[in-house]
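Take a look at the structure below.
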Amino acid sequence: MTWYDVYAIFQGAVFTVAISLASIVIGLPLGLGFALIRWSRIPVLDRIVVVYVSVIRASPAVTLALLIFFALPVVGISMGAVTAAIVTLTLSTATFNTEIWRGALMSFPSDQLESARAFGMPRALRFRRIVFPQILHSALPALVNEMTLQVKSSPAIAVLGLVDITRAASRVGARTYDPLPPFVVALVLYSLIVAVFVMSQRFIERRRAAELEAAR
Amino acid sequence: MNGLAIVWDNRGVLLAGFANTLTLSFVAAVVSLLLGTLLAMALMARAKPVRLVATLYVDAMRCVPFLLLAYLIYYGLPSFGIRMSNWTSGLIALIVYNIAYMAELLRAAWSNLSKESIEAGHAFGFHGLKLVRRIILPPVFFAAVPMIGNQTIQIVKDSAFLTIIAVAELTQAAMAIQTTYFVPFASFVAAIALYWITCMAIETGVAFVGRAARTRQ
């Protein structure tokens, strides 16, 4: 294995990070939206969300990617491999995010909502000022955990012919007939990515603890 | 729809793949739960080196994506003279990967166990392995049933990755039908429907065991 091979796997890492971040950035608010639909019990829509979460949560990312890339053109929606990959990962992460946000919303203390209502706060303001800042912190650990799971399921997009860390490493292995070194490089890169997520979560939690301490 | 008719005509292929997915997932779930129990005991062991090695294994598995491990076992082990079919490699990858997750969720349930029952066990003269087997593990398993169910669903989903190393499982079967007859929509929707049914069945089973556990108490 040459330095160029390491560089090739590193490029795969850039792709893995980019595609994971894209799906996380879209998937977080999407999940929140779905969770709010269920929380406020909007008729019909909330049933649709229940079925969506149940089906997508059960489908493997590989199968979902194949469905979106090969099958949606049949019904007139066609997209490139990169878009299909982002859509796949976004749809699957959004289902898990929905459940996490919903859990945080369900355990939100109702007396706070009632007192906000008593002060005459409109619904949107109530959510923005009272509910959201608090559920963001209570949902954070589970959300970060889901992000790391998301990074780990991203190799599924290999079936669309995209080159991420895993695919790049297996290519180097196939060419040099020595698969172990590229896989070790890949393992180190994945560990680094996961570590960045976990460390930023700890940083945010520490800052939050300091804020709460200062407010006291 | 015409596509669904074609998939129905080829239901033999799809169901063979489905049977393969179920076999792989079932064997992987049972074996990884059994070996995961041993690893959980190592995670909770008093001897520090044992605990350290077990923690290292769990942490390593939590950093690797499943596909990378499957590649490593399928392409990497032959360099050490160990050759296995893709089916066996896939099954071993599923087991090796999920032992760590099973052990970790059992450990979590174990550390939530009340001190009193363990102390009561001591008082009744239970020690060592007998204490673990008779006093600790039964409530740990009952508490962990929902998590074990979730992990089993994860195993079913992970098994779809094995299509990339050409294991003839459900996704591979759907892919085979789609490449022969070009009916991508019907074949992948059928595959996802089968995955969905499997997960619903697992969730129903978990709810059933949960109810049984509550009535037993």
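Worth knowing before you read on, the calculation uses all heavy atoms, side chains too, and leaves out hydrogens, waters and symmetry mates.
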Handout entry: Distance (rounded to the nearest 0.5 Å) between A/K152 NZ and B/D158 CG
Key = 9.0 Å

Exercise for the section: Work out which heavy atom in B/P65 is nearest to a heavy atom in A/P155; give both atom names and the distance. Expected result: CB-CG, 3.7 Å

Completion exercise
Between the CG atom in B/L67 and the OG atom in A/S170, the distance rounded to the nearest 0.5 Å is 7.5 Å

Problem - Residue part contacting chain A, namely of B/V189, when any heavy atom lies under 4.5 Å - result: both

Exercise for the section: Using a cut-off of 6.0 Å, state whether more than 12 heavy atoms not belonging to A/R202 lie near its atom CZ. Expected result: no

Completion exercise
Whatever's closer than 4.5 Å to a heavy atom in chain A on B/Q154 counts as neither

Practice task
For atom OH of B/Y181, decide whether the heavy atoms of other residues, nucleotides or ligands shown that lie under 6.0 angstrom number more than 12.
Solution key: no

Handout entry: Atom group of B/L72 that falls short of 4.5 Å from chain A, counting heavy atoms
Key = both

Problem - Validation row: B/Q178, A/F70 side chains within 4.5 angstrom (heavy atoms) - result: yes

Completion exercise
Between B/G76 and A/P179 the two heavy atoms that sit nearest each other are CA-CG, 3.6 Å

Fill in the blank from the handout: Counting heavy-atom pairs under 4.5 Å with chain A, the top scorer among B/R62, B/K157, B/M175 is B/K157

Handout entry: Selection from A/A156, A/P73, A/S154 maximising heavy-atom pairs under 4.5 Å formed with chain B
Key = A/A156

Problem - Nearest non-hydrogen partners of A/V62 and B/T163, listed with the distance - result: CG1-CG2, 3.7 Å

Exercise for the section: Kindly indicate, with the supporting measurements, whether the criterion side-chain contact (heavy atoms from CB on, under 4.5 Å) is fulfilled by A/I68 and B/F188. Expected result: CA-CA 9 Å; A/I68 286 166; B/F188 291 128; over 6 Å; no

Exercise for the section: Answer with yes or no whether the side chains of B/W196 and A/S54 bring together a donor and an acceptor at under 3.5 Å. Expected result: yes

Handout entry: Minimum side-chain heavy-atom gap A/Y190-B/V64 below 4.5 Å
Key = no

Problem - Contacting moiety of B/Y74, where chain A heavy atoms sit under 4.5 Å - result: neither

Completion exercise
Cut-off 4.5 Å, heavy atoms of chain A, and the answer for B/I153 is side chain

Fill in the blank from the handout: Between the SG atom in B/C63 and the CG atom in A/L189, the distance rounded to the nearest 0.5 Å is 12.0 Å

Handout entry: Proximal component of A/V151, with respect to chain B [non-hydrogen, under 4.5 Å]
Key = neither

Problem - Part of A/S59 lying under 4.5 Å from any heavy atom of chain B - result: both

Exercise for the section: Measure the spacing between OG1 of A/T166 and CZ of B/F161 and express it to the nearest 0.5 Å. Expected result: 8.5 Å

Completion exercise
So CZ of A/R57 and OH of B/Y195: to nearest 0.5 Å the spacing works out to 16.0 Å

Exercise for the section: Considering non-hydrogen atoms only, spot the tightest contact between A/L67 and B/F185 and give its length. Expected result: CD1-O, 4.2 Å

Practice task
Can you measure from OG (A/S153) to CZ (B/F66) and round to the nearest 0.5 angstrom?
Solution key: 13.0 Å

